[in-house]
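Please read these numbers as outputs of a predicted model, since none were measured by experiment. In what follows, every chain begins at residue 1, and chains take the letters A, B, ... in the order their sequences are listed.
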2 protein chains.
Amino acid sequence: MTPGIPPRPGGRSARVRAAVHRAVEELLTESSPEALTMPVIAARAGVHPTTVYRRWGTLGELLASVAASRFSGDIVVPDTGSLRGDLETWMADVATDLADPDTLAVMRAAIGVGEEGGCACVADRHAQLAAILERGGGAPDVERAADLLLGPLYYRAIFTGRPADADWARGLVSVLLG
Amino acid sequence: MTPGIPPRPGGRSARVRAAVHRAVEELLTESSPEALTMPVIAARAGVHPTTVYRRWGTLGELLASVAASRFSGDIVVPDTGSLRGDLETWMADVATDLADPDTLAVMRAAIGVGEEGGCACVADRHAQLAAILERGGGAPDVERAADLLLGPLYYRAIFTGRPADADWARGLVSVLLG
DNA sequence: TCCCTAACGCAACGATCGCTGCAGAACTGG
DNA sequence: CCAGTTCTGCAGCGATCGTTGCGTTAGGGA
């Protein structure tokens, strides 16, 4: 989701970006999503509000950016030797990630601002799932796997209060593979 | 989700409530969720902003109220004689409901404001599912049915751009019942 | 090392938000 | 029909939001 390659990836720009992203995540965990405004984020990040407005423009774009960063590169595709093993390990990792209230708050907020926000949360997951399945010969369709694995997992995380534990998530693999 | 029984269910109060709910749904379809503020809603509803603030207090509570109304009483539990038939018919209805962009916008917005909002969207669905399964002898667990039926359905609706058609939703019943 | 561009801080502005008195209108029950 | 209660409209307020122009600072390339 990084827009091309930033002209200046390192230095102050990177620090500001990290500080703002961190501020958004922190504020989402400790207060209501409605209290999340640009000036508040800027104050928490130790940055001038103008900077936030100029770099991200809208709260929606900022949240999409945070979601994309938060849900990228944090989970590595496992390699256990078997398709079932890979899926089980990966599902446990994803479930553990979703069990974090911070992660959940970011996801809820990103969904609330439009279509792009929701997609930013799962784009990397779909890519990982495709990689696992392709290595396994593409036996189950990626679409079907996403429906039966990611579907229940994210549904529970968002709509029901109960957290989805890793064991239960692993059990979903049996539904898919039989 | 209706707080007890409103002291005055009929008359002007009901008209105002309906107008405000309708305004929220309309505004969510035609503009960004960030543009959804109390004064804007009041203006569209032809009501004074003070009224909206006093009756609902927060945009979050208003959205939760709208979601609860929108996702209650719109789908009737079918009775085809067989558990499979009931589930297939019901799933097709739910999928059709979710295919409406208006419905989707309300759901996204409700999710964005916190935990209660998400639960308000599916509380009635869970009750309906429980009713269907209980009549069928409670063969599959309600939890499992919700995971395998509602999970993929809502996941597709929220995260992926593709709408979930009724036929595909019916196919999920086969995964659950075998 | 020096220059040049991009990014940031600062200050001010108009617009909007959310809230709070008070007065009038509408609905319900007798 | 009338009285009591509840709900709504109105006007105004302080606070905050989002934007803009300009000067300054930090990073990267020759």
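- For A:D93 and A:R125, the salt-bridge test fails: no basic side-chain N is under 4.0 Å from an acidic carboxylate O.
- Using a 4.0 Å cut-off, no side-chain N or O of B:T50 falls inside it from OP1 or OP2 of D:dT8.
- Considering only side-chain N and O atoms, B:S13 lies nowhere under 4.0 angstrom from the phosphate OP1 or OP2 of D:dC7.
- Contact annotation: A:R15 reaches the phosphate of D:dG27 (side-chain N/O to OP1 or OP2, under 4.0 Å).
- Contact check on B:R144 versus B:D147 returns no salt bridge, with no Lys/Arg side-chain nitrogen under 4.0 Å from an Asp/Glu carboxylate oxygen.
- For D:dG18, one of the phosphate oxygens OP1 or OP2 lies less than 4.0 angstrom from a side-chain nitrogen or oxygen of A:Y53.
- Under 4.0 angstrom from either OP1 or OP2 of D:dT16 there lies no side-chain N or O belonging to A:T37.
- Look at CE on B:M38: it is 13 Å from P on D:dT8, rounded to the nearest Å.
- Summarising the geometry of A:P140 relative to A:L177, their closest heavy-atom pair is CG-CD2, 3.9 Å, with the distance given to 0.1 Å.
- Per the geometry, CZ belonging to B:R12 stands 15 Å off P belonging to C:dG24, to the nearest Å.
- Between A:R54 atom CZ and D:dT19 atom C1' the separation is 9 Å, expressed in whole Å.
- With the nearest nucleotide of DNA chain D identified for both B:R55 and A:V40, B:R55 has the one nearer the 5' end.
- Using a distance-only test at 3.5 Å, with no hydrogens or angles considered, no donor-acceptor pair links the side chain of B:T58 to the main chain of B:E61.
- The aromatic rings of A:F159 and B:Y154 sit perpendicular, their planes meeting at an angle over 60°, well past the 30° parallel limit.
- The interatomic distance linking B:I41 (CD1) with C:dT16 (C1') rounds to 15 Å, in whole Å.
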Is there a salt bridge (charged side-chain N to carboxylate O under 4.0 Å, His left out) between A:R70 and A:D97 once you walk through the steps? CA-CA 10 Å; A:R70 177 65 187 78; A:D97 187 41; 3.0 Å; yes
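- Atom NE2 of B:H48 and atom P of C:dC22 are 17 Å apart (whole Å).
- Contacts of residues 24-34 of chain A with DNA chain D (heavy atom under 4.0 Å): none.
- The salt bridge (Lys or Arg N to Asp or Glu O under 4.0 Å) check on B:D102 picks up nothing, with sequence neighbours excluded.
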